[in-house]
Amino acid sequence: MDTEAQHTERDPSSDTDSSGPEEGSRSARVPDDSGREEPAGPVAAEEPPASAATEEPLEPTAVEEPPESAAVEDEDRSPGPSWRRTALVGGACVAFLLLLSHFVIQPFLIPSGSMEPTLQVGDRILVNKLAYRFGNAPARGDVVVFDGTGSFVEEQPRGNPVTGLLHDGAAALGLAEPDETDFVKRVVGTGGDRVVCCDKDGRLTVNGVPVEERYVMLGDRPSSVPFDIVVPPDRLWVMGDHRSQSSDSRDHLGSAGGGMVPVDKVVGRADWIAWPFDRWSTVPGTGAFAAVPAPPAGGHGAGAHG
């Protein structure tokens, strides 16, 4: 067996500059089990650490501005509603309120003290326009709003249609006083009733039964004007609660219609007081007419007039 060391070939240039730093690739020899050295492959040159790299000064990065089209899109998506949308929503709300007031509930402003203490000057009441729409009729004791044209006032010539339309719209929303033909009173007698004032005790009677009118203004008499009437069919006898300050059926006995209000002229029943807030409540009902009987089928005897 050949035990002599094998000659190993080397690059002559390595002998020349063996003491200097090695450049490029280098080979390492690793002895194997037999004692012979085998090349282990090239060894990569060591790179300088990152800290050795030349650091360049940082320059501020310019912020790119969005294109004009993106800015316009952002404005279109702005959270605030546009004026067109606001106008559309406002118009829809007004239209809804007008429809509601025309068919269901209409606010009215109380301009006088004729219904005190039940209703005060400046009260805004909500009138239920469905109360008598499905077969029900006004009953004694109801507080109603009605059109007094033909019963309380004469037919008035029409004025400026534009002004009238604006006023009607404001009145429908409760922002203006109602027309001069609109009145609010309490129903005291219905069709066929005989209403008399006053009996020997100073009380109003309906169909011969005295009525305790606790809703009348304190200190007022039931009426300072005596009367004895029979209400025609489909008509109403109405009076204000503040009798000394109310112009009602008593004041129109000699006029066309005799002060009797046609049932079909009733706008609705006053059910709620909506304003001011400290008076928010339902319009108080009354049991004053609970004991009053229905009118006789054959009508009332002599002495009464309608």
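Values in this document were obtained by computation on a predicted structure and should not be read as measured data.
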A.B. asks: In the structure I gave you, are the side-chain heavy atoms of V143 and V184 within less than 4.5 Å of one another anywhere?
C.D. replies: yes
A.B. asks: Any idea how F146 and F152 line up, ring-wise: parallel (<30°), tilted (30 to 60°), or perpendicular (>60°)?
C.D. replies: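 Plane angle over 60°, so perpendicular.
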A.B. asks: Excluding sequence neighbours, so at least two apart, what forms side-chain hydrogen bond (donor to acceptor under 3.5 Å, both in side chains) with D201?
C.D. replies: R203
A.B. asks: Any donor-acceptor pair under 3.5 Å linking the side-chain atoms of D142 with those of Y132?
C.D. replies: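 There is such a pair between these side chains.
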A.B. asks: Is there a donor in the side chain of S114 and an acceptor in the side chain of K185, or the other way round, less than 3.5 Å apart?
C.D. replies: yes
A.B. asks: Quiz question: by atom type and distance under 3.5 Å, do the side chains of D241 and T118 form a donor-acceptor pair?
C.D. replies: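 There is such a pair between these side chains.
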A.B. asks: More than 12 heavy atoms of other residues, nucleotides or ligands under 6.0 Å from CG of D234: is that the case?
C.D. replies: no
A.B. asks: Can you confirm whether M115 sits close enough to S246 that some side-chain heavy atom of one is under 4.5 Å from a side-chain heavy atom of the other?
C.D. replies: no
A.B. asks: A side-chain contact here means heavy atoms from C-beta on lying under 4.5 Å apart; do P138 and V263 qualify?
C.D. replies: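 Heavy-atom side-chain distance check passes, below 4.5 Å.
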A.B. asks: So, R186 and D248, do they make that salt bridge, N to O below 4.0 Å?
C.D. replies: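 Salt bridge between R186 and D248, a charged N being under 4.0 Å from a carboxylate O: no.
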A.B. asks: Kindly give the heavy-atom pair with the smallest separation between N207 and R140, and that separation in Å.
C.D. replies: ND2-NH2, 3.8 Å
A.B. asks: Identify the heavy atoms of V283 and W272 that sit nearest to each other, and give their distance.
C.D. replies: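 Residues V283 and W272, closest heavy atoms: CG2-N, 3.8 Å.
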A.B. asks: For the residue pair K265 / S151, report whether a side-chain donor-acceptor contact shorter than 3.5 Å exists.
C.D. replies: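 Side chains of S151 and K265: no pair found under 3.5 Å.
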A.B. asks: Is it true that R214 and T286 share a donor-acceptor pair across their side chains at a distance under 3.5 Å?
C.D. replies: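 Side chains of T286 and R214: no pair found under 3.5 Å.
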